[in-house]
Every structure is written in C-alpha cells, then in structure tokens.
Undergrad: 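Here's a structure for you.
Everything numeric in this text was worked out from a predicted model, so none of it was measured. Residues: numbered from 1 along the sequence shown.
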Amino acid sequence: MLFEWTDSPEEFAERGAAHAAAVIDDMPEAAIALPTGSTPIGLYDRWVERAATGEVQLNRAHFFNLDEYAGLPQADSHSFAAFLHRHFLDRAAIDPARVRLLRGDAPDLEGEAAAHDAAVAAQGGLDLAILGLGGNGHIAFNEPGADWNQGTHRVPLTEATRIANQAYFEDGFTVPRDGLTMGIGMLRKARRVLLLVTGVAKAEALAMLRAGRPDPAWPVTALIGHPHLIVVADSALRG
Ligand code: GLP
C-alpha cells in the first residue's frame, strides 16, 4: 500500500490522473472501473484535457462503472451513468463500444449484475479499479458488513449513504433505497487499485485502512494486502 499525500485540490487531481495514466500507458487496452461522487471530478477533468492533447490515449481502454442506483434509467440525470457521461465519457469522446454501464432499470437486476461481470471477464478482469471512499468505509456501494467475495450484485443502501448522497441533489429527487455494485471480491482481484480520499468526512475510514487490520465493518480494509494499491489523499488526513 503506497500513500501519496497531496496539499491542494489541484495536486490531488493531478496525482490521481497521473497514476491512472501510467496504468493506461502500460496497458493501453486496460479494463477500468470508474467511480462517481465529487472526489474523482478533478481526475476526469485532467483526463479530458489530456485526451484532447494526445498526452493520454484513452481510445483503446475499456470502461465500466462501479455502481449505480437501482431503478434509474441511464438517461436519468441522477444516475451514475449520466454522471460519467457528463464528467468524462462524452467530453473525452470515448467510443460507446468500449463502455459498459450498469442498467439500474433492468427488469432483472440479478441478470444485469451477471452481465456486468461477464463483460468484465471478457476483458480478462479489471486492470484498474479507481475508487472513492464513503464516510462509513464503503467502496463503490459495498456497505459495512458486505461479503468480501462477491461479484456485481444488488445491495440495500445504508441510511448514512443515502443521506450523504442526497446532498448532491437539490431538485426534489430522493436517493433510491437500493443500488447495484461491483463486489469486493471483484475489486480485490483488480490488478491495480487507485483509492482517492479527500475531505474530513473520510478521516475515520482512512484511519481504519492505515491501521492495517482487515475488518468487515469497514469495507475499505478489504484492500489491505493488495499488491498494487495506491492511495492518493489529502495531507490534512495524514494526522
Ligand atoms: C457514493 C458512491 C461511491 C463514492 C462515494 C463517495 O456512495 N457509490 O462510489 O466513492 O459516494 O462520494 P464522494 O466522492 O462524493 O465523497
């Protein structure tokens, strides 16, 4: 586990983008799982800039989303699919044939989860999982107590996560009760993991990771022992 401490939002975005770009340089056809939330927006901005100048070649990579709200069509502006289109995929003109996003409104959510796993497996598994962190230690939508051996599956969201995510919507939208998420088993198998952590709300979860004791009450601790885990975090969280 390699920690990289950053002193400004610019440096945070820059370091995250640089690590991810290094993976793509090594593996141009990398299968990459993408996060949503406020944390990765700066990284996406930098990718978009660099894709435009040719500094990073994103056109052979394969992209997947980590998670999605259950019940929402991709076209719904509140969906994670719409978020990824808005912040990254459309702006970087990523070929839709190289993108697989979960369908939160699929009539058979278990079937949809299995299809996501099959699409990742068809690329030989994940080469890079880019992750944010929930204040309760969740990664993607793997909440405290989650099974650490699962692939993509449906999950009930905790009240803490629903409240945290509600803050992004001021238009009367109510955060759904369930989500679809890549499971911890799948994320742990990613060849490389880039965990992005910013904001004091994440301090306790990050401290649990740094303590080095795997604990199912803190899903992020499932990453302890991963052979290629890089954590880019705010210096303010260094303690
Ligand atoms: C959501 C997402 C996670 C994300 C987390 C943190 O719950 N499902 O994948 O990491 O929020 O979001 P933020 O970066 O906005 O703090």
Undergrad: Are any of the side-chain nitrogens in Arg60 or Asp95 under 4.0 Å away from the carboxylate oxygens of its partner?
TA: no

Undergrad: May I ask you to decide if the ring planes of Tyr69 and Phe80 are parallel, tilted or perpendicular, using 30° and 60° as cut-offs?
TA: tilted

Undergrad: When you measure from the side chain of Asp234 to the backbone of Gly199, do you find a donor-acceptor pair of N or O atoms at a distance under 3.5 Å?
TA: yes

Undergrad: Looking at Asp45 and Arg91, does any basic side-chain N land under 4.0 Å from a carboxylate oxygen?
TA: yes

Undergrad: I'd like to know if the side chain of Glu68 reaches the main chain of Pro73, judged simply by a donor and an acceptor atom lying under 3.5 Å from each other, with no hydrogens or angles considered.
TA: no

Undergrad: Clusters formed by hydrophobic residues whose side-chain heavy atoms approach within less than 4.5 Å: which one holds Trp218, and what are its other members?
TA: Met208

Undergrad: Report the residues that fulfil salt bridge (charged side-chain N to carboxylate O under 4.0 Å, His left out) with Asp215, sequence neighbours left out, ordered by chain and then residue number.
TA: none

Undergrad: Is the backbone of Leu128 close enough, under 3.5 Å, to the side chain of Arg192 for a donor and an acceptor to pair up by distance?
TA: no

Undergrad: Assess, by modelled atom type and distance only, whether the side chains of Ser79 and Gln74 contain a donor and an acceptor separated by less than 3.5 Å.
TA: no

Undergrad: So among Leu131, Leu43, Ile230, which one has a side-chain contact (heavy atoms from CB on, under 4.5 Å) with Leu196?
TA: Leu43

Undergrad: Verify, without hydrogens or angle tests, whether Glu143 (side chain) and Leu157 (backbone) share a donor-acceptor contact under 3.5 angstrom.
TA: no

Undergrad: Can you check whether Leu126's main-chain N or O pairs, donor with acceptor, with Lys189's side chain at less than 3.5 Å?
TA: no

Undergrad: State whether the side chain of Arg98 and the backbone N or O of Asn59 hold a donor-acceptor pair below 3.5 Å, judged by distance alone.
TA: yes

Undergrad: Can a donor-acceptor pair be found, under 3.5 Å and without considering hydrogens, that links the side chain of Asp127 to the backbone of Arg191?
TA: no

Undergrad: Does this structure show an ion pair linking Arg210 with Glu204, if we count only N-O contacts that are shorter than 4.0 Å?
TA: no

Undergrad: Taking Asn142 for its side chain and Pro219 for its backbone only, find out whether a donor-acceptor pair lies under 3.5 Å.
TA: no

Undergrad: Would you say His138 and Thr161 are linked by a side-chain donor-acceptor pair, where the criterion is simply a distance under 3.5 Å?
TA: yes

Undergrad: Just by distance, with hydrogens left out, do Arg100 and His116 show a side-chain donor and acceptor under 3.5 Å apart?
TA: yes

Undergrad: As an exercise, state the distance from CG of Asn149 to CD1 of Ile184, rounded to the nearest 0.5 Å.
TA: 9.0 Å

Undergrad: Measure the acute angle between the ring planes of His87 and Phe83, then classify it against the limits of 30° and 60° as parallel, tilted or perpendicular.
TA: tilted

Undergrad: Can you name the residues that form a side-chain hydrogen bond (donor to acceptor under 3.5 Å, both in side chains) with His78, not counting sequence neighbours?
TA: Asp76, Asp171

Undergrad: Decide if atom CZ of Arg86 counts as having more than 12 heavy atoms of other residues, nucleotides or ligands within a radius under 6.0 Å.
TA: yes

Undergrad: Quick one: do Arg46 and Glu14 make a salt bridge, cutoff under 4.0 Å?
TA: yes

Undergrad: Is a donor from one side chain sitting under 3.5 angstrom from an acceptor on the other, for His19 and Glu4?
TA: yes

Undergrad: Donor-acceptor pair, distance only, cut-off 3.5 Å: does the side chain of Glu112 make one with the backbone of Asp108?
TA: no

Undergrad: If you measure from CD on Gln150 to NE2 on His153, what distance do you get to the nearest 0.5 Å?
TA: 4.0 Å

